[in-house]
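Take a look at the structure below.
Not measured: the values here are computed from a predicted model. By convention in this document, chain letters (A, B, ...) are assigned in the order of the sequence lines, proteins followed by strands, and residues within each chain are numbered from 1.
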Amino acid sequence: MVRIQITVDGQRHEDEVEGRLLLVHYLRDRLGKVGTPVGCDTSNCGSCTVRMDGQSVKSCSVLAVQADGSEITTVEGLATGEWHPVQTAFKECHALQCGYCTPGMIMASIDLLEENPSPSEDEIRHGLEGNLCRCTGYQNIVKAVQYAAAQGGAQ
Amino acid sequence: MIPAQFDYVRASSVDEAVAALAEHGDEAKVMAGGQSLIPLLRLRLSYPEVVVDVGRVAEMAGVREDGAHLVIGAMTTHHEVIHNELIRRHCGLIAEATETVADPAVRHRGTFGGALAHADPAGDLPAVALALDAEMVIAGSGGRRTVPAEEFFLDYLQTAVQPDEVLVEVRVPKLGEGWGYRYEKFHRVAQSWAIVGVAAAVRRSNGTIAEARVGLTNMGSTPVRASGVEEALNGASLERIGEAADRAAEGTSAPSDLNGKADYREHLARVLTRRAVTAAAGS
């Protein structure tokens with residue numbers, strides 16, 4: 001067992017974990033952060049995307065021990081009283097159908113907008129490579145990112 | 001899917017990593033960013049007793065100049081490579097190819113050295129390292145040794161790195177004045193592996209091609225140099241690029257799989273080589 005210390009959505013946690021424990025299972029099973037779903041299980045789909053020290057990562061492909069000492073933000077940590085602007089944008093643009101990919105799409109969109117506050121449609125589509133929507137609802141997801149950018153971006 | 005149990009060792013220096021590997025030998029596996037290894041662990045295609053995590057070894061990260069070379073730490077992430085000024089200025093082919101690796105989230109974790117040491121023939125960076133005549137600096141109990149790229153990639157997922165060794169850094173000759181480059185990749189969907197990829201660097205002089213280096217991705221169990229193309233381009237006029245590119249599949253042994261048969265890959269290699277060399281020659 002390995003002792004780790006991780007800050008998740010602003011709250012500090014200390015735990016003993018097995019080396020093989022995946023970050024997504026730590027978040028869901030230990031901390032109850034079930035807002036981050038497991039999708040493809042093969043690091044293709046991006047539904048488990050969270051931010052680790054300010055960068056998007058696929059939490060099914062990170063070991064909890066690798067996240068030791070880091071700050072994790074999940075979709076559950078975005079709203080501070082009010083929704084995060086990207087969450088609002090997804091609602092306004094109807095950028096979700098079944099909703100399974102949505103947490104990952106939102107986390108990847110925030111990452112994209114922080115790096116590029118006013119992306120072109122092409123840059124949005126490239127920036128969201130690695131996040132798949134099985135409902136194929138990409139048109140409105142792209143519109144939501146454009147909407148969020150127009151409203152002031154990821155902040 | 002959950003990986004099989006393993007003991008986790010976090011190395012904080014190259015010496016610590018080498019000591020752990022010397023102790024556990026081929027029961028141990030080195031982990032960099034884990035973007036290839038963790039999926040393999042989860043599919044239980046790999047089940048080491050010990051995982052030695054070198055992801056935080058500071059002396060293995062970052063990029064520096066050393067005369068006519070850039071020295072790229074093995075733990076430099078793809079994201080850092082893409083945004084690194086030295087790499088963009090002196091070895092832009094690496095940055096360009098790295099932009100096509102996987103997707104942004106994977107590029108935040110995956111590393112330059114990890115991709116080379118994993119040596120997937122469909123990975124983009126091995127062919128680039130080969131085309132640029134990079135040298136791999138490998139540390140083991142007996143000290144450090146330097147292996148040229150052409151002797152580094154031995155077979156499918158196999159390199160010259162021994163079980164008790166770790167790839168520390170990569171020395172890449174700077175591309176000087178007059179060099180152009182291009183990485184052409186053909187893949188099925190955005191973040192998928194290359195069906196075929198071509199890395200080309202071309203030096204022009206007085207309107208002709210003075211020197212060309214071409215590396216092929218996924219045209220065999222290792223990356224390969226298209227030496228027939230390089231030979232044909234040596235001193236050639238720009239009009240001869242198409243003819244030279246027709247030799248791209250010479251000496252290759254392309255795989256056949258669900259993405260395409262060998263003859264289809266050979267066709268792709270010729271077409272992508274023509275495009276890559278044409279772009280690299282700036283014509």
Side-chain angles (χ1 to χ4, degrees), chain A residues 1-4 17-26 29 38 40-70 104-105 107-112 114-116 122-132 138, chain B residues 1-12 28-29 31-57 75 77-80 82-83 99-111 114 185 187-193:
Chain A
M1 299 290 269
V2 183
R3 187 150 198 89
I4 59 167
V17 299
E18 279 190 295
R20 63 174 172 167
L21 182 68
L22 301 169
L23 178 60
V24 70
H25 291 143
Y26 177 74
D29 302 344
V38 180
C40 66
D41 229 13
T42 52
S43 85
N44 278 295
C45 82
S47 73
C48 66
T49 304
V50 300
R51 303 191 81 208
M52 183 166 153
D53 293 330
Q55 289 188 320
S56 60
V57 301
K58 294 181 173 180
S59 61
C60 75
S61 299
V62 177
L63 300 174
V65 289
Q66 288 178 296
D68 181 22
S70 68
M105 284 290 181
M107 301 314 284
S109 299
I110 293 172
D111 198 84
L112 164 65
E114 280 193 5
E115 205 166 289
N116 182 355
D122 197 48
E123 287 169 335
I124 293 169
R125 290 180 184 275
H126 280 293
L128 295 180
E129 279 174 7
N131 288 75
L132 307 181
Y138 295 107
Chain B
M1 288 163 285
I2 295 171
Q5 269 188 324
F6 54 78
D7 287 331
Y8 174 78
V9 177
R10 182 185 297 152
S12 57
K29 184 81 190 153
M31 179 170 69
Q35 298 302 287
S36 295
L37 180 61
I38 294 171
L40 288 178
L41 294 174
R42 297 176 54 199
L43 294 166
R44 301 206 178 193
L45 293 171
S46 175
Y47 34 86
E49 300 271 322
V50 180
V51 168
V52 179
D53 181 359
V54 294
R56 297 189 189 203
V57 177
M75 290 307 100
T77 66
H78 299 314
H79 181 79
E80 289 162 351
I82 291 168
H83 295 281
E99 283 176 7
T100 74
V101 172
D103 56 60
V106 169
R107 293 197 293 267
H108 285 146
R109 298 286 305 157
T111 66
K185 175 175 181 172
H187 51 172
R188 198 168 48 81
V189 294
Q191 81 270 36
S192 63
W193 298 91

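- Under the 3.5 Å distance criterion, the side-chain polar atoms of A:Q55 are left unmatched by any main-chain donor or acceptor of B:A105.
- Taking B:M1, B:Q35, B:M31, B:Q5 one by one and counting their heavy-atom pairs under 4.5 Å with chain A, the maximum is reached by B:Q5.
- Heavy-atom distances place both the backbone and the side chain of A:L63 under 4.5 Å from chain B.
- For the pair A:S61 and B:R42, the tightest heavy-atom approach, listed with the atom from each and the gap, is OG-NH1, 4.2 Å.
- Interface residue A:E18: only side-chain heavy atoms are found under 4.5 Å from chain B.
- What you find for A:N44 and B:Q191 is that their closest heavy atoms are O-NE2, 3.0 Å.
- Of all heavy-atom pairs between A:V65 and B:R56, the closest is O-NH2, 4.0 Å.
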Chi angles and distances behind the side-chain contact (heavy atoms from CB on, under 4.5 Å) call for B:E99, A:H126 = CA-CA 10 Å; B:E99 283 176 7; A:H126 280 293; over 6 Å; no
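- Summarising the geometry of A:K58 relative to B:D103, their closest heavy-atom pair is NZ-OD2, 2.6 Å, with the distance given to 0.1 Å.
- Of the listed residues (A:V38, A:L112, A:L22), the greatest number of heavy-atom pairs within a distance under 4.5 Å of chain B belongs to A:L22.
- Heavy-atom distances place the side chain of A:M52, and not its backbone, under 4.5 Å from chain B.
- Between A:G127 and B:P104, the closest heavy-atom pair is O-CG, 3.5 Å.
- Under the rule for a ring-ring contact (aromatic ring centres under 6.0 Å, His included), B:H78 has no partner lying at least two apart in sequence or in another chain.
- Remark: the backbone N or O of A:S56 is paired with a side-chain donor or acceptor of B:H108 at under 3.5 angstrom.
- Contact count against chain B (heavy-atom pairs under 4.5 Å) is highest for A:V62 among A:V62, A:T42, A:T49, A:N131.
- With rounding to the nearest 0.5 angstrom, the CD1 atom of B:I38 is 4.0 Å from the CD atom of A:Q66.
- For the atom pair B:L41 CG and A:R20 CZ, the distance stands at 11.0 Å (nearest 0.5 Å).
- Using a 4.5 Å cut-off between heavy atoms, B:V189 makes no contact with chain A at all.
- Of the atoms belonging to A:V57, heavy atoms from both backbone and side chain fall under 4.5 Å from chain B.
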